Visitor: 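Take this structure first; my questions come after.
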Amino acid sequence: MVIKRPRGTLDFLPEETEKLQRIEKEIRDLCLYYNYGEIRTPTFEHTELFVRGVGETTDIVEKEMYTFTDRGNRSVTLRPEGTAPVVRAFVENKLYSNMQPTKLFYIGPMYRYDRPQAGRYRQFHQFGVEVLGADDAAVDVEVISLAVKLFERLGLKNLSLYINSVGCLDCRPAYKEELKNYLKENLQSFCATCRERSKQNPLRVFDCKNSECKKAISQAPRVISYLCNKCLNHFNEVCEMLELLEIKYLVDEMLVRGLDYYTSTTFEILAENLGAQSAICGGGRYDKLVEECGGPDTPGIGFAVGIERLLYVLSSNYEHLESSPQQKFFIVNVGEEAKKEAAKLVNKLRDNNLSADMDHMNRSVKAQFKFANRINSSHVIILGEDELASGSVTIKDMKTGREDKVEINNIINYCNNIYT
Ligand code: AMP
């Protein structure tokens, strides 16, 4: 029986991986311009981190985590998101003792046991940034602008940025009470999970995908009307600065995001042509998470972008993104002696940082040319007995058809200088 990949996972074959790498290059360049350093945390963590960080009564923790007991009887979880691990690393490595802020980014796989559908997978990849140690509204705007800039550079169109504020520990409790009252009065309109959550964690009712619940919650009091002065000023400052940078946004008063750690600013970027799973980026402030994870009182903000969804919205529009070097040499070789020479030459080309390959299937010359075409070779070097005897080869530019005679001793030089 053929073994298939697990449900909700993807194989990235070389052509797709190349696209991924182009996206990743844009991300890494942009993060360099914004002065963010890359962090790589483990793909699994102690389960407790997510239970505490993301929140016990969130969808992720209640329904979606890949949690198992390892051979040492510890409960570990494949990371469902990147913020809690970065915060854990910030605390564990005492990054708070450096001059702040700490600006980090990551790219890597995440795991959620959700019902797979187009744009929703059980293993997916996220690019995320986190800024720790600064609560200035300008940082919120920097983070948002980084996401917007990335999408611009990738050439994405028809995106909408939605923002909101979910308040802080000073103003949210009063709002929660109001919301609880509303839910209590309208309990019959909500599903069993929402009814349960209305007591423990009423904000999570906003995350419910049930259409009846969605309808009922749309009439509920909005957190933005309950913000304290500090949160309201912060929110207004964010809006002003977005306008200053000419970043278009809409306020979505229902945007609370599905994780408990958010405080103050929340935001999401939606792509029009993504259908049901239209969010390509989501983020917000988490000013209490560092403390929650055992560190000193430190504000934080970040976002995560779904890479598979980026791939989808980009579809085939990759031409403008930088790719790996275009020159690719293929050595067509005929005869035993020529084959040995070709093996040496291929080695030498690679030693000189040039992409090179040769025939390994004893194909005819015609079939070797066909294969060279198939793997998108830019140039073919023809090496047969005649060439060995004369000490020079023909190098053919596969695009223009131009052929040059080049001395064997001068091949590397010629190939190095082709496009300079
Ligand atoms: P979240 O961590 O839920 O705020 O998600 C941030 C971004 O990650 C979303 O906007 C999506 O683009 C992406 N994402 C989240 N869950 C999935 C999933 N199951 N499959 C693919 N992409 C996802």
Side-chain angles (χ1 to χ4, degrees), residues 36-70 74-96 100-114 122-135 139-140 143 147 166 168-169 200-201 203-204 207 256-268 279 281-307:
Y36 287 62
E38 183 169 355
I39 182 165
R40 298 190 187 193
T41 61
T43 48
F44 64 91
E45 297 272 355
H46 292 297
T47 303
E48 176 64 14
L49 175 69
F50 302 111
V51 175
R52 238 204 283 168
V54 176
E56 212 161 349
T57 47
T58 57
D59 276 355
I60 291 183
V61 172
E62 275 188 343
K63 302 190 254 177
E64 298 171 3
M65 294 207 303
Y66 277 92
T67 297
F68 58 96
T69 309
D70 73 5
R74 299 171 203 93
S75 177
V76 291
T77 295
L78 299 184
R79 64 179 181 199
E81 60 95 54
T83 302
V86 168
V87 167
R88 196 261 316 129
F90 176 82
V91 174
E92 188 167 346
N93 296 286
K94 299 193 173 57
L95 299 186
Y96 50 78
Q100 298 300 320
T102 302
K103 306 212 284 186
L104 301 167
F105 78 96
Y106 59 83
I107 305 174
M110 304 293 159
Y111 305 85
R112 292 185 196 171
Y113 191 84
D114 204 348
R122 289 181 173 168
Q123 175 181 287
F124 58 99
H125 296 77
Q126 284 186 336
F127 152 56
V129 310
E130 314 290 351
V131 181
L132 292 130
D135 61 4
V139 176
D140 303 31
V143 162
V166 293
C168 65
L169 295 188
Q200 304 285 328
N201 196 351
L203 241 79
R204 295 282 67 88
D207 307 331
V256 297
R257 316 255 313 118
L259 302 87
D260 279 353
Y261 53 59
Y262 288 115
T263 52
S264 172
T265 313
T266 52
F267 61 94
E268 231 164 46
C281 171
R285 274 210 161 270
Y286 45 84
D287 290 342
K288 290 291 148 207
L289 185 58
V290 176
E291 238 182 321
E292 191 70 45
C293 294
D297 184 9
T298 310
I301 179 161
F303 68 69
V305 168
I307 305 256

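Model, not experiment: these values are computed from the prediction. Residue indices begin at 1 and follow the sequence shown.
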Visitor: Run the numbers on Arg52 and Glu48 for salt bridge (charged side-chain N to carboxylate O under 4.0 Å, His left out), then give the verdict.
Guide: CA-CA 6 Å; Arg52 238 204 283 168; Glu48 176 64 14; 3.3 Å; yes

Visitor: With Glu38, which residues qualify under side-chain contact (heavy atoms from CB on, under 4.5 Å), at least two apart?
Guide: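 By the side-chain contact (heavy atoms from CB on, under 4.5 Å) rule, Glu38 matches Arg28, Arg40, Phe105.
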
Visitor: Can you list every salt bridge (Lys or Arg N to Asp or Glu O under 4.0 Å) pair that touches residues 74-87, not counting sequence neighbours?
Guide: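 Passing the test, one end in residues 74-87: Asp70-Arg74.
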
Visitor: Determine the minimum heavy-atom distance between Val91 and Cys293, stating which atoms define it.
Guide: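 Looks like CG1-O, 3.9 Å.
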
Visitor: With rounding to the nearest 0.5 Å, note down the distance linking CD in Glu130 to CD1 in Ile301.
Guide: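 Output value for this atom pair is 9.5 Å.
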
Visitor: Please determine which of Tyr113, Phe50, Phe44 meets the ring-ring contact (aromatic ring centres under 6.0 Å, His included) test together with Tyr66.
Guide: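 Exactly one option meets the ring-ring contact (aromatic ring centres under 6.0 Å, His included) with Tyr66, and it is Tyr113.
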
Visitor: Please confirm whether the backbone N or O of Thr265 pairs with a side-chain atom of Arg285, one donor and one acceptor, at under 3.5 Å?
Guide: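 No, because the side chain of Arg285 does not come within donor-acceptor range (under 3.5 Å) of the backbone of Thr265.
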
Visitor: Test salt bridge (charged side-chain N to carboxylate O under 4.0 Å, His left out) on Asp297 and Lys288; report intermediate values, then the result.
Guide: CA-CA 7 Å; Asp297 184 9; Lys288 290 291 148 207; 3.4 Å; yes

Visitor: Can you tell me if Gln200 has over 12 outside heavy atoms packed within less than 6.0 Å of its CD?
Guide: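 Atom CD in Gln200 is not packed in, count stays at 12 or less.
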
Visitor: Looking at every heavy atom in both Ala89 and Thr41, which two are closest together, and how far apart are they?
Guide: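 What the structure gives for the nearest pair is CB-CG2, 4.2 Å.
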
Visitor: So do Val87 and Tyr261 actually touch side chain to side chain, heavy atoms under 4.5 Å?
Guide: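 Tyr261 vs Val87: side chains apart.
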
Visitor: Should Met110 and Pro80 count as side-chain neighbours, where that means a heavy-atom distance under 4.5 Å?
Guide: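 When only atoms from C-beta onward are counted, Pro80 and Met110 do not touch, as no gap falls below 4.5 Å.
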
Visitor: Give, for atom CG of Leu78 and atom CZ of Arg122, the distance between the pair rounded to the nearest 0.5 Å.
Guide: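 Here the rounded value is 13.0 Å.
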
Visitor: Can His125 and Ile107 be said to form a side chain to side chain contact (heavy atoms under 4.5 Å, CB included), step by step?
Guide: CA-CA 7 Å; His125 296 77; Ile107 305 174; 5.6 Å; no

Visitor: Does the side chain of Gln100 come under 3.5 Å of the side chain of Thr102 through a donor N or O and an acceptor N or O?
Guide: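 A donor-acceptor contact under 3.5 Å links the two side chains.
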
Visitor: So, for Cys281 and Ala147, which heavy atoms are closest and what is the spacing to 0.1 Å?
Guide: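 Taking Cys281 first and Ala147 second, the nearest heavy atoms are SG-CB, 4.0 Å.
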
Visitor: Mind listing the closest non-hydrogen atom pair of Ile60 and Arg112 along with its distance?
Guide: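 Heavy-atom minimum between the residues: CD1-CZ, 3.7 Å.
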
Visitor: Enter the distance from Thr58:OG1 to Asp207:CG here, rounded to the nearest 0.5 Å.
Guide: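 If I round to the nearest 0.5 Å, the distance is 8.5 Å.
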
Visitor: According to side-chain contact (heavy atoms from CB on, under 4.5 Å), who are the partners of Glu62, at least two apart in sequence or on a separate chain?
Guide: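 Result, side-chain contact (heavy atoms from CB on, under 4.5 Å) vs Glu62: Thr57, Arg197.
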
Visitor: Give, for atom CG of Leu203 and atom OH of Tyr262, the distance between the pair rounded to the nearest 0.5 Å.
Guide: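 Taking CG in Leu203 and OH in Tyr262, the distance rounds to 13.0 Å.
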
Visitor: Find the distance between CG (Asp135) and OG (Ser264) and round it off to the nearest 0.5 Å.
Guide: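 The OG atom of Ser264 is 9.0 Å from CG of Asp135, to the nearest 0.5 Å.
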
Visitor: List the atom of Pro42, the atom of Arg88, and the distance in Å for their closest heavy-atom pair.
Guide: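 The answer is CD-NH2, 3.4 Å.
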
Visitor: Using a 4.5 Å cut-off on heavy atoms from C-beta on, say whether the side chain of Val129 contacts that of Lys103.
Guide: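 The answer is no; the side chains never approach within 4.5 Å.
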
Visitor: Would you check if Thr266 and Val256 make a side-chain contact, meaning some heavy-atom pair closer than 4.5 Å?
Guide: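 Contact flag for Thr266/Val256 side chains = no.
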
Visitor: Give a yes or no on whether the backbone of Gly300 and the side-chain of Asp287 come within a donor-acceptor separation of less than 3.5 Å.
Guide: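 Side chain of Asp287 to backbone of Gly300, a donor-acceptor pair under 3.5 Å: yes, one is there.
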
Visitor: Looking only at atom types and distance, does a side-chain atom of Thr47 sit under 3.5 Å from a main-chain N or O of Ser75, one as donor and one as acceptor?
Guide: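 Confirmed, Thr47 side chain pairs with Ser75 backbone.
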
Visitor: With a 4.5 Å heavy-atom cut-off, do Tyr111 and Thr77 have their side chains touching?
Guide: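 No, side chains not in contact.
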
Visitor: List the steps, then state whether side chain to side chain contact (heavy atoms under 4.5 Å, CB included) holds for Leu132 with Tyr96.
Guide: CA-CA 8 Å; Leu132 292 130; Tyr96 50 78; over 6 Å; no

Visitor: To the nearest 0.5 Å, how far apart are CG in Leu259 and CG in Leu289?
Guide: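 Interatomic distance, Leu259 CG to Leu289 CG, rounded to 0.5 Å: 10.0 Å.
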
Visitor: Is any side-chain heavy atom of Asp260 closer than 4.5 Å to a side-chain heavy atom of Arg204?
Guide: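 In contact.
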
Visitor: Within a strict 4.5 Å, meaning less than it, do heavy atoms of the Phe267 and Val143 side chains meet?
Guide: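 They are in side-chain contact.
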
Visitor: What pair of heavy atoms forms the shortest contact from Tyr106 to Phe303, and how long is it?
Guide: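 Closest approach of Tyr106 to Phe303, heavy atoms only: OH-O, 4.2 Å.
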
